[in-house]
Amino acid sequence: QVQLVESGGGSVQAGGSLRLSCAASALPFSSYAMGWSRQAPGKEREFVAAISRSGGSGYYADSVKGRFTISRDNAKNTVTLQMNSLKSDDTAVYYCAAVGSVRYTYTPSEESEWAYWGQGTQVTVSS
């Protein structure tokens with residue numbers, strides 16, 4: 001069965017950086033768009049970044065644009081989220097997501113478009 005395992009979460013001070021990774025298994029990784037979503041306590045889930053199966057197209061929520069970078073390594077079946085200039089508002093559980101696609105540029109930004117989810121990793125930013 002498909003597994004998405006996140007790592008790299010933790011605690012950091014505002015202005016700092018963290019790098020999240022997601023290792024995928026039991027799926028043809030290069031045929032899947034990958035992404036990251038987050039949910040903060042008491043808030044709705046927010047999809048923050050997505051990358052197409054080829055890595056050539058990306059999506060970023062306005063709240064993270066210019067600070068977060070999503071990338072993938074199709075040889076290692078991993079997707080990463082580099083988070084810089086972190087703010088207290090970035091505190092949340094971050095979830096990795098995957099969906100198969102025949103389109104090389106597909107980068108869904110709605111929760112309902114994704115097929116698989118990881119268990120999540122906590123990111124805490126203190127001010």
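Heads up: numbering here begins at 1 and tracks the sequence. Predicted, not measured: the structure shown is a model, and the values here were computed from it. For the numbers below, each heavy atom of this structure counts, side chains included, while hydrogens, waters and symmetry mates do not.
Applying the disulfide bond (SG atoms under 2.5 Å apart) test to residues at least two apart or on different chains, none of the pairs has a partner in residues 58-87. Sequence neighbours left out, not one pair with a member in residues 33-74 passes disulfide bond (SG atoms under 2.5 Å apart). Residues in residues 41-81 take part in no disulfide bond (SG atoms under 2.5 Å apart) pair, two or more places apart or across chains. Under the disulfide bond (SG atoms under 2.5 Å apart) criterion, no residue pair touches residues 53-93, with sequence neighbours excluded.
Here the CH2 atom belonging to W114 is positioned 11.5 Å from the OG atom belonging to S112, to the nearest 0.5 angstrom. Distance CG/D89 to CZ/R38: 7.5 Å, rounded to 0.5 Å. Atom OG in S71 sits 6.0 Å away from atom CD1 in I51 (nearest 0.5 Å). One distance of note links NZ of K65 with OG1 of T69; it measures 12.5 Å at 0.5 Å rounding.
For the pair M83/V123, a side-chain contact is recorded, criterion being any heavy-atom separation below 4.5 Å from C-beta on. Between V48 and Y60 the shortest side-chain heavy-atom distance does not fall below 4.5 Å. When side chains are defined from C-beta on, V79 counts as touching I70, because their heavy atoms get closer than 4.5 Å.
Under the 4.5 Å side-chain heavy-atom criterion for Ile, Leu, Val, Met, Phe, Trp and Tyr, V93 and W117 are members of the same hydrophobic cluster. Using a 4.5 Å cut-off between side-chain heavy atoms of Ile, Leu, Val, Met, Phe, Trp and Tyr, with links allowed through other members, V12 and F68 fall into the same hydrophobic cluster. Y59 and M34 fall into different hydrophobic clusters, defined by Ile, Leu, Val, Met, Phe, Trp and Tyr side-chain heavy atoms under 4.5 Å apart, directly or through other members.
Remark: the backbone N or O of S101 is paired with a side-chain donor or acceptor of R53 at under 3.5 angstrom. Listed for the R67 side chain is a donor-acceptor partner under 3.5 Å among the backbone atoms of S85. Of the possible donor and acceptor atoms, none in the side chain of T91 sits under 3.5 Å from a partner among the backbone N and O of T124. Using a distance-only test at 3.5 Å, with no hydrogens or angles considered, no donor-acceptor pair links the side chain of S127 to the main chain of A14.
Closest non-hydrogen pair, R72 versus S52, comes out as NH1-O, 2.8 Å. Nearest heavy-atom pair across P108 and A50 is O-CB, 3.5 Å. The minimum heavy-atom distance linking Y104 with S54 is given by the pair O-OG, 3.3 Å. Pairing each heavy atom of A92 with each of A40, the nearest pair is CB-N, 3.7 Å.
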Check the pair V99 / Y116 against side-chain contact (heavy atoms from CB on, under 4.5 Å), numbers first and verdict last.
CA-CA 7 Å; V99 63; Y116 301 102; over 6 Å; no
Check against side chain to side chain donor-acceptor pair (under 3.5 Å), E113 and Y106:
CA-CA 11 Å; E113 296 179 270; Y106 185 51; 3.2 Å; yes
Worked check of salt bridge (Lys or Arg N to Asp or Glu O under 4.0 Å) between D90 and K87:
CA-CA 5 Å; D90 296 318; K87 308 173 182 178; over 6 Å; no
Could you tabulate the donor-acceptor pairs under 3.5 Å formed by side-chain atoms of residues 15-28, not counting sequence neighbours?
unit_1	atom_1	unit_2	atom_2	d
S17	OG	N84	OD1	2.9
R19	NH1	Q82	OE1	3.1

Table please: side-chain donor-acceptor pairs of residues 4-11 below 3.5 Å, with sequence neighbours left out.
unit_1	atom_1	unit_2	atom_2	d
E6	OE1	Q119	N	3.2
E6	OE1	G120	N	3.0
E6	OE2	C96	N	2.8
E6	OE2	G120	N	3.1

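If you look at F47 and W36, their ring centroids are not closer than 6.0 Å.
For R45 and Y95, the positive end sits near the middle of the six-membered ring, less than 6.0 Å away and at most 45° from its axis.
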